[in-house]
Amino acid sequence: MNTGPRLPRLIRTSAALTALGAGALTLAACGSGAGDDGKVHVAASFYPMAYLAQQIGGDRVEVENLTQPGTEPHDLELSPKQTGQLSEADMIVYLKGLQPAVDEAVEQSGVENIAEATSFTTLEKHGTDVHGEEDHEHGGEEGHEGHDEGHEGHEGHEGHDHGDETGGDPHVWLDPVRYAEVAEGVGKQLQKADPDHKDEYKKNTEALVEKLGTLDEEFKDGLKGKKTDTFITTHAAFGYLAERYGLHEEAVAGIDPESEPSAARMKELHDVAKKDEVDTVFFENNASDKTAKTLAGDLNLKTAVLSPLESVKNPKTQDYFSVMHQNLTALKTALGAQ
């Protein structure tokens, strides 16, 4: 656990209950299969993982989202009590490398059924400047054909700098194709955890993967007529999305949303904005817009929201797909797509 001076941020039970209709924090003490109430109790590290578990598990699961709505997942701390309760889950769904406190708690949990997102797809190292394949004249969508066939091979990403467990960009859920790969992995793990309802989980997984495939096509079609490939954002969360759709992400700060940009970086962004005819600086809905407004003000640009989807403020009225469609609309507007 974190032994530094920072006090743990306790997740209130009432807040946890709001996340995806999550169940109480006291989970069924059962290593595998369903709990005493007949449901599989799933602990999910943050919203994209909780959403997969809920969509695939349906009424057969109770999902506890460890990161309450509106909370910055990178900052999550767990109390000793919560770490102990995590060990009572039937299954854990998480993404290694995003939340150190969760990584440590999972290692200590002893839970048999664990779905770790990055094991189902590829990670790459992304900095503050990420070019999509169309920018490099690699043929855009063709470069990803091998990747779309599944996890084996990953032909579409040969030549990229792949990340490792500590250095890879974790934001895989913002690429619908990679997110579909993670969904398939979570579905298979849920089938192992509760084999009595294997067919139901398989059907739900297939439906979700198909829906993500439709979203992928919507992004391809929606961004076809873009006038510029470049977008500027305060948080380097959109590298995989940029690669998938031939865009060029220029981020003010790196993968850590709280890192401060240098004066040199701000000057670079001034040059990029003028050269690539950028008219919008994006900031994320859960963070300060101060840096975005400063940069936009200097260059007489607009500001707009591009959500990294690490959490949603109101899970009852928003979900992964609705926010991704908002992101697509924002990108189309900023990039001048018809």
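In this text the structure is predicted, and so the values were computed from the model without any measurement.
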Exercise for the section: May I ask you to decide whether Lys125 forms a salt bridge with Asp169, counting only side-chain N to carboxylate O separations under 4.0 Å? Expected result: no
Handout entry: pair Thr303-Thr280: side-chain heavy atoms closer than 4.5 Å
Key = no
Exercise for the section: Can you measure from CG (Leu335) to OG1 (Thr230) and round to the nearest 0.5 angstrom? Expected result: 8.0 Å
Exercise for the section: Say whether, by atom type as modelled, one donor and one acceptor occur between the side chain of Gln99 and the main chain of Pro73 under 3.5 angstrom. Expected result: yes
Problem - side chain to side chain contact (heavy atoms under 4.5 Å, CB included) assessment of Leu52 paired with Val93 - result: CA-CA 9 Å; Leu52 291 183; Val93 183; 5.5 Å; no
Problem - Side chain to side chain, Thr233 and Val281, heavy atoms closer than 4.5 Å - result: no
Practice task
Measure the acute angle between the ring planes of His74 and His171, then classify it against the limits of 30° and 60° as parallel, tilted or perpendicular.
Solution key: tilted
Handout entry: ILVMFWY cluster, Val272 and Val130 together (side-chain gap under 4.5 Å)
Key = no
Handout entry: Side-chain heavy atoms of Val172 within contact of Leu95, under 4.5 Å
Key = yes
Practice task
Flag yes if Val209 and Tyr179 sit in one hydrophobic cluster, no otherwise; membership is Ile, Leu, Val, Met, Phe, Trp, Tyr, and two members link when side-chain heavy atoms are under 4.5 Å apart.
Solution key: no
Problem - Test item: Asp279 and Lys302 side chains (from C-beta on) under 4.5 Å apart, heavy atoms - result: yes
Handout entry: Heavy-atom pair with the smallest gap, counting every atom of Pro69 and Val312
Key = CB-O, 3.2 Å
Handout entry: Ionic contact status for Glu200 with Arg60, cut-off 4.0 Å
Key = yes
Problem - Side-chain donor/acceptor of Thr205 to backbone N/O of Tyr201, under 3.5 Å - result: yes
Handout entry: Expected output: side-chain Thr83 to main-chain Ser79 donor-acceptor under 3.5 Å
Key = yes
Completion exercise
In this structure, CG of Leu309 is separated from CD of Gln326 (nearest 0.5 Å) by 9.0 Å
Fill in the blank from the handout: To the nearest 0.5 Å, atom NZ of Lys39 lies from atom CD of Glu62 at 4.0 Å
Problem - Minimum heavy-atom distance between Asp319 and Tyr51, given as atom pair plus value - result: OD2-OH, 3.4 Å
Completion exercise
Taken to the nearest 0.5 Å, the spacing of Ile232 CD1 from Leu301 CG works out to 7.0 Å
Practice task
Taking atom CG of Asp271 as the centre, report whether more than 12 heavy atoms of other residues, nucleotides or ligands fall under 6.0 Å from it.
Solution key: yes
Practice task
First locate atom CD of Glu268, then atom CG of Asp129, and finally report the distance between them rounded to the nearest 0.5 Å.
Solution key: 8.5 Å
Exercise for the section: Begin with the C-alpha distance, continue with both residues' side-chain angles, and end with the deciding distance and a verdict on side chain to side chain contact (heavy atoms under 4.5 Å, CB included) for Asn113 and Ile92. Expected result: CA-CA 7 Å; Asn113 297 296; Ile92 297 172; over 6 Å; no
Exercise for the section: For residues Ala101 and Leu78, report the shortest heavy-atom separation together with the two atoms involved. Expected result: O-CD1, 4.0 Å
Practice task
May I ask you to check whether Glu107 and Ser109 show a side-chain donor-acceptor distance below 3.5 Å?
Solution key: no
Exercise for the section: State yes or no: are the ring centers of Tyr240 and His126 separated by less than 6.0 Å? Expected result: yes
Exercise for the section: Of all the heavy-atom pairs spanning Leu86 and Ala105, show the shortest one and how long it is. Expected result: CD2-CB, 3.6 Å
Problem - Ala50 backbone acceptor or donor facing Asn65 side chain under 3.5 Å - result: no
Handout entry: Distance-only polar pair, side chains of Glu218 and His325, donor-acceptor under 3.5 Å
Key = yes
Handout entry: Euclidean distance, Glu210 CD relative to Leu215 CG, rounded to 0.5 Å
Key = 13.0 Å
Practice task
May I have the step-by-step check of side chain to side chain contact (heavy atoms under 4.5 Å, CB included) for Val61 and Gln54, ending in yes or no?
Solution key: CA-CA 7 Å; Val61 301; Gln54 191 68 66; 4.1 Å; yes
Practice task
Measure the shortest side-chain to side-chain distance between Met324 and Leu174 over non-hydrogen atoms and say whether it is less than 4.5 angstrom.
Solution key: yes
Handout entry: Salt bridge flag under 4.0 Å for residues Lys224 and Asp221
Key = yes
Exercise for the section: Salt-bridge test for Glu217 and Lys220: reply yes if a basic N is under 4.0 Å from a carboxylate O, no otherwise. Expected result: yes
Problem - Ser87 side chain vs Gly110 backbone, donor-acceptor pair below 3.5 Å - result: no
Practice task
Report yes if some heavy atom in the side chain of Leu331 is under 4.5 Å from a heavy atom in the side chain of Phe219; otherwise report no.
Solution key: yes
Problem - For Pro170 against Leu123, the heavy-atom pair lying closest together - result: CA-CD2, 4.3 Å
Practice task
Provide the closest heavy-atom pair for Gly336 versus Lys227 in the form atom of the first, atom of the second, distance.
Solution key: O-CG, 3.5 Å
Problem - Within-4.5 Å side-chain heavy-atom neighbours: Asn204 and Gln55 - result: no
Exercise for the section: Evaluate the side-chain proximity of Leu208 to Leu212: yes if any heavy-atom separation is below 4.5 Å, no if none is. Expected result: yes
Handout entry: Validation row, ring centre Tyr320 to ring centre Tyr47 under 6.0 Å
Key = no
Practice task
Indicate if Phe231 and Val323 have the same hydrophobic cluster label, given that clusters are the connected sets of ILVMFWY residues with side-chain heavy-atom separations under 4.5 angstrom.
Solution key: yes
Problem - Donor-acceptor under 3.5 Å (Thr121 side chain, Val182 main chain) - result: no
Exercise for the section: Run the salt-bridge test on Arg178 and Glu124 with the 4.0 Å N-O cut-off and return the result as yes or no. Expected result: yes
Practice task
Compute whether any side-chain donor of one residue and acceptor of the other, for Glu250 and His248, lie under 3.5 angstrom apart.
Solution key: yes
Practice task
Give a yes or no on whether a salt bridge exists between Lys96 and Asp103, defined as a side-chain N under 4.0 angstrom from a carboxylate O.
Solution key: no
Practice task
Check whether any side-chain N or O of Asp175 sits under 3.5 Å from a backbone N or O of Val177 as a donor-acceptor pair, and report yes or no.
Solution key: yes
Exercise for the section: Identify whether the distance between the nearest side-chain nitrogen and carboxylate oxygen of Asp229 and Lys226 falls below 4.0 Å. Expected result: yes
Exercise for the section: Decide if atom CG of Asn314 counts as having more than 12 heavy atoms of other residues, nucleotides or ligands within a radius under 6.0 Å. Expected result: yes
Practice task
Could you walk me through whether Leu66 and Leu76 pass side chain to side chain contact (heavy atoms under 4.5 Å, CB included), step by step?
Solution key: CA-CA 8 Å; Leu66 295 175; Leu76 183 69; 4.2 Å; yes
